[in-house]
Amino acid sequence: MSANQSKVILITGASSGIGEATAQVLARAGHKVMLAARRTDRLDAIVQRIRQEGGSASAYRLDVVSRDNFKAVVAAIQAEHGALDVLVNNAGIMPLAPMAALHAEEWDQMIDVNIKGVLNGIEAVLGEMEQRGGHIINIASIAAHNVFPTAAVYCATKFAVRAISTGLRLETTKVRVTTVSPGVVESELAKTTTDQATKAWLEEFRKVALKPEAIANAIAYAIAQPADVNVDELIVQPIQGR
């Protein structure tokens, strides 16, 4: 698989934000993009726009928490296109709150989506990729490098994503593994926060934010490298460094 050929790329959490921008950037680069998320109406609209611009795109309903759903989507892509070259594990949620708020259900949701969702994706693609090569890109966060108040569990999930990526990269000689850690990005991620005091802090913290295309371009850069080059990790932040 050469660096310049068109690749079949599955992007989770593709209905908005970084996932949507990544699909558009990669489609313009000539890749076949497979958009996956739970909101199929949003996916269908994005796919239509990409096709109108001359790109190749398809939509799949995916709940990353479901191992069976993930495997079925990957199997469908492989059956249609012959292979899946790149997986972008982008789906994630960020309902922040102080630990003392005891939002245990939100803790469980973050663990399920942010950690198990990534593992489910790896499980679904790794066997085939170990045979023919491939690329797994896991979206972490600056929260994988620093811990912030009200974000203990979210940071823990992103530290886990970074550890999973590093461990997988050390174990494989056939699969490229990249971790992308965005700083503050314009997205719907903060809307999952229900704690009112934390919401107010987030609004202030997120006043300086990157466009999601900045992260999409970083992902495209990692994919575009020669097949024998692995971009281990990219940290992409606003110039103010948040």
Side-chain angles (χ1 to χ4, degrees), residues 6-29 31-95 105-106 108-129 134-140 157 161 164 180 182 185-192 212-213 215-216 219-220 223:
S6 175
K7 295 180 174 65
V8 178
I9 303 174
L10 171 59
I11 305 160
T12 71
S15 61
S16 66
I18 292 172
E20 177 180 358
T22 299
Q24 293 172 328
V25 166
L26 294 178
R28 289 171 189 147
H31 299 295
K32 298 174 181 176
V33 293
M34 312 291 117
L35 290 76
R38 291 178 297 176
R39 296 183 294 178
T40 54
D41 57 333
R42 287 280 301 152
L43 293 180
D44 291 340
I46 298 165
V47 165
Q48 184 177 4
R49 286 202 303 273
I50 290 173
R51 289 176 177 174
Q52 286 173 344
E53 293 179 0
S56 176
S58 300
Y60 297 85
R61 189 190 185 284
L62 173 63
D63 181 353
V64 297
V65 174
S66 169
R67 293 172 65 198
D68 289 342
N69 191 183
F70 222 134
K71 289 177 183 178
V73 167
V74 169
I77 293 169
Q78 290 171 334
E80 181 175 355
H81 297 279
L84 175 61
D85 301 310
V86 183
L87 168 64
V88 181
N89 269 321
N90 169 69
I93 58 172
M94 191 182 72
E105 290 185 1
E106 292 181 349
D108 286 343
Q109 290 168 1
M110 282 188 280
I111 291 168
D112 286 345
V113 175
N114 297 357
I115 301 178
K116 292 182 180 178
V118 167
L119 290 172
N120 290 342
I122 292 170
E123 180 192 16
V125 305
L126 188 57
E128 179 72 16
M129 286 188 176
H135 196 171
I136 296 172
I137 301 174
N138 295 325
I139 307 304
T157 66
V161 169
I164 290 164
V180 179
V185 177
E186 293 178 5
S187 72
E188 297 179 356
L189 192 62
K191 294 182 180 179
T192 57
E213 288 76 15
I215 312 305
I219 293 168
I223 292 171

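- The two atoms that bring T12 and A91 nearest to each other are OG1-N, 2.9 Å, heavy atoms only.
- For H31 against S6, the heavy-atom pair with the smallest separation is CA-OG, 3.6 Å.
- T157 is linked by a side chain to side chain donor-acceptor pair (under 3.5 Å) to N114, counting only residues two or more places apart in sequence or in another chain.
- Residues passing the salt bridge (charged side-chain N to carboxylate O under 4.0 Å, His left out) test with K116 are D112, sequence neighbours excluded.
- The two residues S15 and I46 come nearest to each other via the heavy atoms O-CD1, 3.7 Å.
- With values rounded to the nearest 0.5 angstrom, D68 atom CG is found 9.5 Å from N120 atom CG.
- Looking at residues two or more places apart in sequence or on another chain, you find a side chain to side chain contact (heavy atoms under 4.5 Å, CB included) between A140 and A144, V161, T179, S181.
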Inset, instruction - Give the intermediate values and the outcome of side chain to side chain contact (heavy atoms under 4.5 Å, CB included) for residues E128 and L84. - result: CA-CA 8 Å; E128 179 72 16; L84 175 61; over 6 Å; no
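- Among pairs with a residue in residues 74-84, those fulfilling side chain to side chain donor-acceptor pair (under 3.5 Å) read Y60-E80, at least two apart in sequence or across chains.
- A search for side chain to side chain contact (heavy atoms under 4.5 Å, CB included) contacts involving A75 returns nothing, not counting sequence neighbours.
- The shortest side-chain heavy-atom distance between I9 and K32 does not fall under the 4.5 Å cut-off.
- Judged as a side chain to side chain donor-acceptor pair (under 3.5 Å), and not counting sequence neighbours, the contacts of N89 are N138.
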Using distance only, find each side-chain donor-acceptor pair of residues 19-27 under 3.5 Å and give its atom names and separation, not counting sequence neighbours.
unit_1 : atom_1 : unit_2 : atom_2 : d
E20    : OE1    : R42    : NH2    : 2.9
E20    : OE2    : R49    : NH2    : 2.6
T22    : OG1    : I18    : O      : 2.7

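- With a 4.5 Å cut-off on side-chain heavy atoms, I93 and Q109 count as touching.
- Take E53 and apply the side chain to side chain donor-acceptor pair (under 3.5 Å) test, not counting sequence neighbours, and it matches R28.
- A donor-acceptor pair under 3.5 Å is absent between the side-chain atoms of N90 and the main chain of I11, judged by distance alone.
- Within the 4.5 Å cutoff, the side chain of L10 has no heavy atoms near those of the V86 side chain.
- Residues I139 and V88 have side chains in contact (heavy-atom distance under 4.5 Å, counting atoms from C-beta outward).
- Taking every heavy atom of both residues into account, F70 and G117 meet most closely at CE1-O, 3.5 Å.
- Remark: R67 pairs with E123 by the side chain to side chain donor-acceptor pair (under 3.5 Å) rule, at least two apart or across chains.
- Using a 3.5 Å distance cut-off with no hydrogens or angles, the side chains of R51 and S56 do not pair a donor with an acceptor.
- Shortest non-hydrogen contact noted between G92 and V113 is CA-CG1, 3.8 Å.
- Although no hydrogens or angles enter the test, the distance criterion places a donor-acceptor pair under 3.5 Å between the side chain of D85 and the main chain of V8.
- Applying the side chain to side chain contact (heavy atoms under 4.5 Å, CB included) test to Q48 and every residue at least two apart in sequence or in another chain returns Q52.
- Applying the side chain to side chain contact (heavy atoms under 4.5 Å, CB included) criterion to R61, with sequence neighbours excluded, gives R38, T40, D63, N69.
- Side-chain contact check for V64 versus S66: every heavy-atom pair is 4.5 Å or farther apart.
- The minimum heavy-atom distance between L35 and A14, with the atom names listed, is CB-CB, 3.7 Å.
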